[in-house]
Undergrad: 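One structure, as structure tokens, below. Some questions next.
Just so we're on the same page: letters track the sequence lines, and every chain starts at 1.
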Amino acid sequence: KQEVTQIPAALSVPEGENLVLNCSFTDSAIYNLQWFRQDPGKGLTSLLLIQSSQREQTSGRLNASLDKSSGRSTLYIAASQPGDSATYLCAVDTGRRALTFGSGTRLQVQP
Amino acid sequence: NAGVTQTPKFQVLKTGQSMTLQCAQDMNHEYMSWYRQDPGMGLRLIHYSVGAGITDQGEVPNGYNVSRSTTEDFPLRLLSAAPSQTSVYFCASRAPRGQLEAFFGQGTRLTVV
């Protein structure tokens with residue numbers, strides 16, 4: 001059974017800091033990995049999707065990397081802003097047509 | 001594009017009552033799924049569908065039923081609500097090929113008293 005773990009569970013940083021969120025998964029036979037953002041009381045917004053054949057994806061200040069063999073992905077946020085405060089979730093697609101999620105990292109960026 | 005639409009946004013049920021959570025998508029996605037989100041536990045898969053007429057169980061299917069009569073709609077039925085089903089429910093859809101990104105609705109916050 002695929003298990004997804006996100007570390008740390010919570011993170012508080014001052015504005016402007018670069019930061020890394022970690023995601024690990026137990027079964028390396030994945031089709032893709034997706035990072036989401038969730039604001040309190042809201043739905044999930046897709047940030048980046050990395051297919052199994054890719055090593056990384058970038059969107060603005062966000063960069064996600066994938067190392068399938070070691071079962072790890074990282075989400076790098078450059079020059080963090082208070083508006084980045086949210087919960088970040090990673091999810092893997094193992095071909096069951098639905099996703100397996102981690103528990104998320106709750107990020108607080110202090111102004 | 002409306003994307004994925006869930007109704008209602010909030011609902012309070014009494015134990016033993018039944019109800020249907022609605023989910024509709026306008027992106028012609030074949031894959032649809034239902035998740036529940038509980039504090040500290042992430043999202044867990046309840047049921048999913050790979051096309052009209054095809055559904056399958058996820059990780060936590062007990063107490064829930066689904067059907068998929070059209071590509072657009074994927075309702076989730078609670079047969080006899082229990083306090084353990086108090087949660088936030090999310091519906092998602094995505095295409096089986098090409099753009100693989102999953103799109104989520106805004107959620108239904110359900111309280112069973």
Side-chain angles (χ1 to χ4, degrees), chain A residues 1-10 21-27 30-54 57-59 62 64 66 73 86-106, chain B residues 2-7 9-10 21 23 25 27 29-51 54-61 66 68 74 76 87-109:
Chain A
K1 176 187 171 188
Q2 177 75 266
E3 293 184 0
V4 180
T5 303
Q6 290 187 248
I7 295 173
L21 307 182
N22 296 294
C23 173
S24 61
F25 46 94
T26 54
D27 185 349
I30 67 170
Y31 284 79
N32 59 66
L33 183 146
Q34 198 166 355
W35 283 93
F36 294 89
R37 170 187 172 134
Q38 185 177 30
D39 292 290
K42 303 293 185 183
L44 280 68
T45 300
S46 178
L47 297 173
L48 290 164
L49 182 147
I50 310 177
Q51 298 198 40
S52 61
S53 59
Q54 298 174 323
Q57 282 284 341
T58 297
S59 176
L62 305 180
L66 174 64
S73 176
T87 296
Y88 291 81
L89 296 157
C90 77
V92 299
D93 178 358
T94 52
R96 284 173 55 224
R97 287 92 176 191
L99 303 175
T100 302
F101 280 84
S103 298
T105 294
R106 189 171 64 253
Chain B
V4 180
T5 303
Q6 290 184 237
T7 55
K9 288 186 170 52
F10 301 94
L21 279 64
C23 176
Q25 52 93 8
M27 298 171 282
H29 286 169
E30 293 179 40
Y31 293 175
M32 296 186 74
S33 48
W34 276 102
Y35 299 85
R36 59 177 289 173
Q37 185 176 35
D38 301 295
M41 298 189 72
L43 278 76
R44 292 182 292 169
L45 180 66
I46 304 171
H47 286 285
Y48 65 99
S49 170
V50 299
I54 306 170
T55 63
D56 205 349
Q57 296 182 350
E59 183 184 354
V60 287
V66 292
R68 185 96 180 270
F74 191 42
L76 178 72
S87 187
V88 182
Y89 292 83
F90 288 101
C91 178
S93 76
R94 70 178 178 92
R97 62 193 68 83
Q99 186 187 33
L100 300 173
E101 186 181 6
F103 294 85
F104 280 76
Q106 289 299 298
T108 295
R109 187 173 295 272

Undergrad: What's the shortest heavy-atom distance between A:Ser46 and B:Ala102, and which atoms?
TA: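 Looking at all heavy atoms of both residues, the closest pair is CB-O, 4.1 Å.
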
Undergrad: Rounded to the nearest 0.5 Å, what separates atom OG1 in A:Thr45 from atom CD in B:Gln106?
TA: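 Between atom OG1 of A:Thr45 and atom CD of B:Gln106 there are 7.0 Å.
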
Undergrad: Can you tell me how far apart OG1 (A:Thr100) and CZ (B:Arg44) are? Round to the nearest 0.5 Å.
TA: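 Result: 12.5 Å between the selected atoms.
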
Undergrad: Evaluate whether atom CZ of A:Arg37 has more than 12 neighbouring non-hydrogen atoms of other residues, nucleotides or ligands under 6.0 angstrom away.
TA: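 Yes - once you tally the heavy atoms of other residues, nucleotides and ligands closer than 6.0 Å, there are more than 12.
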
Undergrad: Where on B:Gln6 is there a heavy atom nearer than 4.5 Å to chain A: the side chain, the backbone, both, or neither?
TA: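 Neither part.
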
Undergrad: With a 4.5 angstrom heavy-atom cut-off, which part of A:Leu44 approaches chain B: side chain, backbone, both or neither?
TA: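 It is both, since atoms from each part get that close.
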
Undergrad: Contact part of A:Gln38 toward chain B, heavy-atom cut-off under 4.5 Å: side chain, backbone, both or neither?
TA: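 Side chain of A:Gln38 only, per the 4.5 Å heavy-atom cut-off to chain B.
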
Undergrad: Tell me if a side-chain donor or acceptor on B:Tyr35 pairs with a main-chain N or O of A:Leu99 at a distance below 3.5 Å.
TA: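 Checked: pair present.
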
Undergrad: Nearest 0.5 Å, what's the CG-CZ distance between A:Asn32 and B:Arg94?
TA: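 Result: 6.0 Å between the selected atoms.
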
Undergrad: Which heavy atom of A:Gly43 sits nearest a heavy atom of B:Phe90, and at what distance?
TA: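 The answer is CA-CE2, 3.5 Å.
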
